[in-house]
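In what follows, a structure is listed as structure tokens, so that the remarks can point back to it.
Both backbone and side-chain heavy atoms feed into the values below; hydrogens, waters and symmetry mates do not. The chain is numbered in sequence order, starting from 1.
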Amino acid sequence: MYKKQRPPIFLITLCIVCSIFALVCCTIAYVRLFKADRQLKSSQKTLAAQTEELNSIKKELKKADDKEKKQADRGKRETPSPTPTPSPAPSPSPTVSENTSTPSPAVSSQQVPENLSANENTDQQTPAPSTGGRIIAIDPGHQGPHVDMSATEPNGPNSAEMKAKATSGTSGVYSGLGEYQLNLDVSLKLQQILEDRGYQVVMCRSDNDTAISNAERALLAAQSGAEIYVRIHANGSDDRSVQGALSMSPSPSNPYVPHLYTDSQRLSQTLLDSYCGATGFDNRGVQYTDTMTGINWSQVPVTILEMGFMSNEHDDLAMADSNFQQTMAQGIADGIDTYFGQ
């Protein structure tokens with residue numbers, strides 16, 4: 001008679017072990033899936049919050065821009081502007097188009113060479129009472145590389161083009177000095193000179209650690225009541241023979257701030273001529289750009305001064321010298337005096 005055989009114990013044990021292993025694997029997979037789902041939801045919430053914050057900033061910037069335009073229009077109706085937009089000459093001073101020719105550099109070159117090594121004499125030539133307590137906004141361009149500013153913001157009010165909030169800029173090929181540090185060093189010296197002359201100075205940043213975007217800097221300049229917005233930068237090129245200084249202004253057809261063209265162009269030309277007269281750097285003229293976030297968000301006359309090429313040995317080593325930086329700041333300050341004196 002056939003007897004029914006029981007399965008061996010090791011087979012039963014094997015089945016139990018396999019079942020337990022499968023259960024553990026399924027549990028681990030479920031836990032990982034659950035964590036991934038939570039992380040995805042958290043990321044979605046963070047993205048939504050950031051989007052809401054960006055929209056809020058855009059609305060705030062637009063409101064401030066509209067308010068500034070109304071105030072500017074009201075001021076033009078009530079009092080004469082020191083730099084009238086209409087071309088009919090209000091005074092013997094040269095027009096905007098004339099500022100690009102030789103008369104303006106000649107004025108700067110007569111003031112500066114005698115005072116390159118005597119800052120006190122220059123300060124005496126520009127008495128503080130003439131400043132009238134004017135407010136100047138200075139933006140030391142870029143930011144320390146340890147501050148993450150890779151998030152984006154609109155290139156201008158209501159712009160669909162997004163750009164990084166800020167970068168650390170270029171660096172000296174020969175000096176090794178970072179542009180963000182050079183810009184800050186010169187700006188702090190410029191701040192001291194201007195305050196000694198009676199100006200009020202608003203610094204968009206005073207260190208390399210504060211995270212502030214290009215649009216936020218322009219908004220800060222406007223909210224502070226500044227009459228002009230001076231952005232300090234340095235240049236770089238693949239061609240190391242290229243040297244000299246230039247300035248940047250919004251063009252007449254800028255899609256965001258065309259109304260700032262006339263005064264911004266005059267500010268750019270005046271500061272550049274004075275700076276080159278003080279430093280002896282080549283004058284590469286005023287360039288027009290509508291792609292810079294800090295210009296497109298500005299609500300007051302604005303300029304970018306590219307002080308020199310950090311890729312060029314002459315410019316780079318000169319700009320890295322602390323004593324020469326004082327001369328650089330002196331030239332910029334003299335240009336500001338000239339701008340308001342015209």
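Of the inter-residue distances, the one linking Thr289 atom OG1 with Ile304 atom CD1 reads 7.0 Å to the nearest 0.5 angstrom. Note that CD1 of Ile332 is 5.0 Å distant from CG of Leu305, once rounded to the nearest 0.5 Å.
The backbone N or O of Asp334 lies less than 3.5 Å from a partner atom in the side chain of Thr338, making a donor-acceptor pair. The main-chain N or O of Met162 is never found under 3.5 Å from a side-chain atom of Thr152 such that the two would form a donor-acceptor pair. Although no hydrogens or angles enter the test, the distance criterion places no donor-acceptor pair under 3.5 Å between the side chain of Lys189 and the main chain of Asn323. Gln143 contributes a side-chain N or O that, together with a main-chain N or O of Asn208, makes up a donor-acceptor pair within less than 3.5 Å. Panel note: side chain Arg205, backbone Asp207; a donor-acceptor pair is recorded below 3.5 Å. Glu179 places a side-chain N or O within donor-acceptor distance of the main-chain N or O of Thr170, the cut-off being under 3.5 Å. For the pair Gln200 (side chain) and Arg134 (backbone), a donor-acceptor distance under 3.5 Å is absent. Counting only distance, with no hydrogens or angles, the side chain of Asn254 and the backbone of Asn296 share no donor-acceptor pair below 3.5 Å.
Leu190 is connected to Leu177 through a chain of hydrophobic side-chain contacts under 4.5 Å among Ile, Leu, Val, Met, Phe, Trp and Tyr, so both are in one cluster. No chain of hydrophobic side-chain contacts below 4.5 Å, direct or via other Ile, Leu, Val, Met, Phe, Trp or Tyr residues, connects Val230 to Tyr180. Using a 4.5 Å cut-off between side-chain heavy atoms of Ile, Leu, Val, Met, Phe, Trp and Tyr, with links allowed through other members, Ile138 and Phe340 fall into the same hydrophobic cluster. Linking Ile, Leu, Val, Met, Phe, Trp and Tyr residues whenever their side-chain heavy atoms come within less than 4.5 Å places Leu188 and Val186 in a single cluster. Transitive grouping of hydrophobic side chains (ILVMFWY, heavy atoms separated by less than 4.5 Å) brings Leu317 and Val173 into a common cluster.
With Met319 as the partner, the side chain to side chain contact (heavy atoms under 4.5 Å, CB included) test is satisfied by one option alone out of Gln325, Met307, His314: Met307.
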Would you list the atom pairs, donor with acceptor, under 3.5 Å between side chains in residues 243-250 and any protein atom, with sequence neighbours excluded?
| from | atom 1 | to | atom 2 | distance (Å) |
| --- | --- | --- | --- | --- |
| Ser247 | OG | Ser268 | O | 3.1 |
| Ser249 | OG | Gln265 | N | 3.4 |

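Shown here for His142 and Arg217, the closest heavy-atom pair between the two residues is O-NH2, 2.9 Å. Contact detail for Tyr174 and Ser311: the closest heavy-atom pair is CE1-O, 3.6 Å. Across every non-hydrogen atom of Asn183 and Ile232, the tightest pair is CG-O, 3.3 Å. Of all heavy-atom pairs spanning Ala318 and Phe281, the tightest one is CB-CZ, 4.1 Å. For the pair Arg231 and Asn214, the tightest heavy-atom approach, listed with the atom from each and the gap, is NH2-OD1, 3.5 Å. Considering all non-hydrogen atoms of both residues, Ala278 and Gly331 come closest at CB-CA, 3.6 Å.
Side chain to side chain, Ser175 and Asp316 meet the donor-acceptor criterion of an N or O pair below 3.5 Å. When only modelled atom types and interatomic distance are considered, Ser213 and Glu153 share a side-chain donor-acceptor pair under 3.5 Å.
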message = For Cys276 and Asp282: C-alpha separation, side-chain torsions, deciding distance, then whether side chain to side chain contact (heavy atoms under 4.5 Å, CB included) applies.
response = CA-CA 7 Å; Cys276 290; Asp282 291 346; over 6 Å; no
request  = Please report the C-alpha distance between Arg240 and Asn312 in whole Å, then the side-chain angles of each, then the deciding distance to 0.1 Å, and finally whether the side chain to side chain contact (heavy atoms under 4.5 Å, CB included) criterion is met.
outcome  = CA-CA 5 Å; Arg240 296 188 180 183; Asn312 176 265; 5.7 Å; no
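In this structure, Asp148 does not pair ionically with Lys165, as no charged nitrogen and carboxylate oxygen lie closer than 4.0 Å.
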